[in-house]
Each structure stands twice: as C-alpha cells, then as structure tokens.
Amino acid sequence: MIQITIIGSGNVAQHLIKAFSASKIVEIKQVFSRKKENLLHLIDSEKIVTDFAALEPADLHIISVSDNAITEVSEQLPFNNQLVVHTSGTSSIELLNPKNRRGVFYPLQTFSKNKALDYSVVPFCLEAENTADFKLLETVAKSVSTAVYSISSEQRKALHVAAVFASNFTNHLYQIGQEVCEENQVPFAVLRPLIQETADKINTLDPIDAQTGPAIRHDSNTINAHLAFLQDENKKNIYKILTQSIQHNGKKL
C-alpha cells in the first residue's frame, strides 16, 4: 500500500480523504488538522494529528491549504527528502520548501463539503521534479480517477484561469439569473433544464458552436429590451460586457 499524509481540513482535503479511503492501493497514514473535530466524521481519531512535530515520513505528503499558507506549512514539516506536493491551481511548485522533493497534485473540480462527487472523472493535474516521483503521483491519481494529466506550473496557471471563467463566473451568472427570477416571482426551477442542456452540449460541441441567444444573432431589439428591463446597474453592465464579448467572438472589445 502507498502511504499518504494529507495536511489540511478544508473542502479539497476532505474530498481527498473520501476518495483515497475508497482506494485499494492507497492508505491514509495521517491527516493534519488544527482541530480534530473538523475531520472526525471522515477518519479515525488516532490518524488525526494537530502538531506538525507529530507528522511522520510517508510515501507522499499532500498539502491542501490556502495558497498563501503553502510555503509556511512546507517549512514546518519535520523531515527532509520526502515527496511533498500541494493541490493549488495557481501556485508554482517552487512555493514548496526545497528541503523535500516537490510536486503538484491538483484536482480540477469545484469542491463543496456536502456535495458528493464521482472522483473517477475528476481530472488530476500532476507535476514533479523527477520521473520517479511523477510515476508515484500518477499511480496514486489513477487509483481514484481515470483522468490524469501531466501539467506544468505555467499550464496549470492557464488552466485555473480558464476554470474560473468556465465554472466560478458561470455559477455567479446562475445566481444573477436566480435573483432576476425571484425578483419577478418566477421559480428558478424553470431555468434548470436550460442550464443542464447548455452544460450537456459541451460534451458534443465546441462552445463557439453551441452559442445561442440574442447576442450571437445581433438581435438589437431584444438586447435593448433586456437592458431597459434591468434596473440594477451592475446586472446591466454585466449584460452589456458579455453581449459585446459574444459579438466580438472573444476579440478585444
């Protein structure tokens, strides 16, 4: 069994615990959390440590903390020449203290603590400083997922920006759509099939070919009517910017 330690107790860390708990070749040796109670629903108490000094060597140590804490945490690890990785989408491999062998184990997904996931389709983006360490990361990732990629720090940064557009911004637009519905006594549930169909299209079409709506049609009458309807200036400005972006096909506005 490959022994791993997870350092952190947030959304990503908790999902990794769930994923690896079902793996047939990975054993979770320890989990670091400043508060044991954060993880008692996921793993046995004796495996949870609250002091960095209690961390022991393992085949792989996964730091799953906020980006601005990665360097500090990696400096506090009480061992040398172990394989230590972080799970950040934007942070360079170089943020990790070089006293240990460094890598990245980045699961590209939106994680919520109470939302179950099919880990077998979650893409894992890997990076390591040598071939042997990469092979170990690949083996660990493939024990839970069928989507495993070799991605450099620069590529990962681009991927994370793309993910913010495709996921975070899109979800914010769902929120705006919900607010417009609720303000006008329309059930948001009416939009759910449309949202699902739009997402499903990406499985068979490129986004540029799936685009529909008044902006791509240059339907100025409908666009102007929508803008006249919107009273909130923030919503109106977002509508204008996105309409212009669609009409310019991603080119400079």
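Just so you know, these numbers come straight off a predicted model, no measurement behind them.
Crowding of Lys142 atom NZ: a count of heavy atoms from other residues, nucleotides or ligands under 6.0 Å not exceeding 12. Residue Lys135 places its NZ atom among 12 or fewer non-hydrogen atoms of other residues, nucleotides or ligands, all under 6.0 Å distant.
By the criterion of side-chain heavy atoms lying less than 4.5 angstrom apart, applied directly or through intervening Ile, Leu, Val, Met, Phe, Trp or Tyr residues, Ile63 is not grouped with Leu126; the two fall into different hydrophobic clusters. No single ILVMFWY cluster, assembled from side-chain heavy atoms under 4.5 Å apart, contains both Val26 and Val104. The hydrophobic cluster containing Leu39 does not contain Val49, counting ILVMFWY residues as joined when their side-chain heavy atoms lie under 4.5 angstrom apart, directly or transitively. In the hydrophobic clustering of this structure, Ile93 does not group with Val73; members are Ile, Leu, Val, Met, Phe, Trp, Tyr whose side-chain heavy atoms approach within less than 4.5 Å, directly or through other members. Leu77 and Val85 sit in two unconnected hydrophobic clusters of ILVMFWY residues. Membership requires side-chain heavy atoms under 4.5 Å apart, directly or through other members.
Contact check for Leu191 versus Cys181: side-chain heavy atoms found under the 4.5 Å cut-off. A heavy-atom distance below 4.5 Å is not found between the side chains of Arg34 and Thr50. Gln178 has its side chain out of reach of Val186: every pair of non-hydrogen atoms, C-beta onward, lies at least 4.5 Å apart. Between Ile70 and Val65 there is a side-chain heavy-atom pair separated by less than 4.5 Å. With contacts defined as side-chain heavy-atom distances shorter than 4.5 Å, the pair Val84/Arg102 does not qualify. Using a 4.5 Å heavy-atom threshold, the side chains of Ile202 and Pro207 count as touching. Two residues are said to be in side-chain contact when any heavy atoms from C-beta on lie closer than 4.5 Å; Ile2 and Leu136 meet this criterion. Side chains of Ile195 and Phe188 form a contact here, defined as non-hydrogen atoms less than 4.5 Å apart.
In this view, His61 and Phe79 satisfy the ring-ring contact (aromatic ring centres under 6.0 Å, His included) rule, not counting sequence neighbours. Here Asp67 pairs with Ser88, Thr90, Ser91 under the side-chain hydrogen bond (donor to acceptor under 3.5 Å, both in side chains) rule; sequence neighbours left out. Residues satisfying the salt bridge (charged side-chain N to carboxylate O under 4.0 Å, His left out) criterion with Glu37, sequence neighbours excluded, are absent altogether. Residues satisfying the salt bridge (charged side-chain N to carboxylate O under 4.0 Å, His left out) criterion with Lys157, sequence neighbours excluded, are Glu154. Taking Lys236 as the reference, Leu227, Leu230, Glu233, Lys240 meet the side-chain contact (heavy atoms from CB on, under 4.5 Å) condition, with sequence neighbours excluded. Scanning for salt bridge (charged side-chain N to carboxylate O under 4.0 Å, His left out) contacts around Asp133 gives Arg101, with sequence neighbours left out. Take Tyr106 and apply the ring-ring contact (aromatic ring centres under 6.0 Å, His included) test, not counting sequence neighbours, and it matches no residue. For Asp232, there are no salt bridge (charged side-chain N to carboxylate O under 4.0 Å, His left out) partners at least two apart in sequence or on another chain.
Between the Asn100 side chain and the Gln82 main chain, a donor and an acceptor come within less than 3.5 Å of each other. No donor-acceptor distance shorter than 3.5 angstrom exists from the side chain of Ser92 to the backbone of Leu95, with no hydrogens or angles considered.
Applying the salt bridge (Lys or Arg N to Asp or Glu O under 4.0 Å) test to residues at least two apart or on different chains, none of the pairs has a partner in residues 190-203.
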Throw together a table of side-chain donor-acceptor distances under 3.5 angstrom for residues 160-175, partners on residues two or more places apart or in other chains.
from   : atom 1 : to     : atom 2 : distance (Å)
Thr170 : OG1    : Phe165 : O      : 3.3
Thr170 : OG1    : Ala166 : O      : 2.8
Gln175 : NE2    : Glu179 : OE2    : 3.1

Could you go through residues 4-20 and list every donor-acceptor pair under 3.5 Å that involves a side-chain atom there, pairing it with any protein atom two or more places apart or in another chain?
from  : atom 1 : to     : atom 2 : distance (Å)
Ser9  : OG     : Ser33  : OG     : 3.4
Asn11 : ND2    : Phe111 : O      : 3.2
Gln14 : OE1    : His41  : NE2    : 3.3
Gln14 : NE2    : Ser9   : O      : 3.1
His15 : ND1    : Tyr119 : OH     : 2.7
His15 : NE2    : Ser112 : O      : 2.7
Lys18 : NZ     : Lys113 : O      : 3.2

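The minimum heavy-atom distance between Val122 and Gln109, with the atom names listed, is CG1-CB, 3.9 Å. Closest heavy-atom contact between Glu56 and Gln30: N-OE1, 2.8 Å. Taking every heavy atom of both residues into account, Ala58 and Lys29 meet most closely at CB-CD, 4.2 Å. Closest approach of Asn97 and Ser74 over heavy atoms only: N-OG, 3.0 Å. Closest heavy-atom contact between Pro214 and Ile223: O-CD1, 3.8 Å. Between Val140 and Ser143, the closest heavy-atom pair is O-OG, 2.6 Å.
Side-chain contact check for Ser153 and Glu127: at least one donor-acceptor pair (N or O, by modelled atom type) lies under 3.5 Å.
Annotation: Phe105 is not in aromatic contact with His86 [ring centroid separation under 6.0 Å not met].
Other residues sharing the hydrophobic cluster of Tyr149, ordered by chain and number and joined by side-chain separations under 4.5 Å: Ile151.
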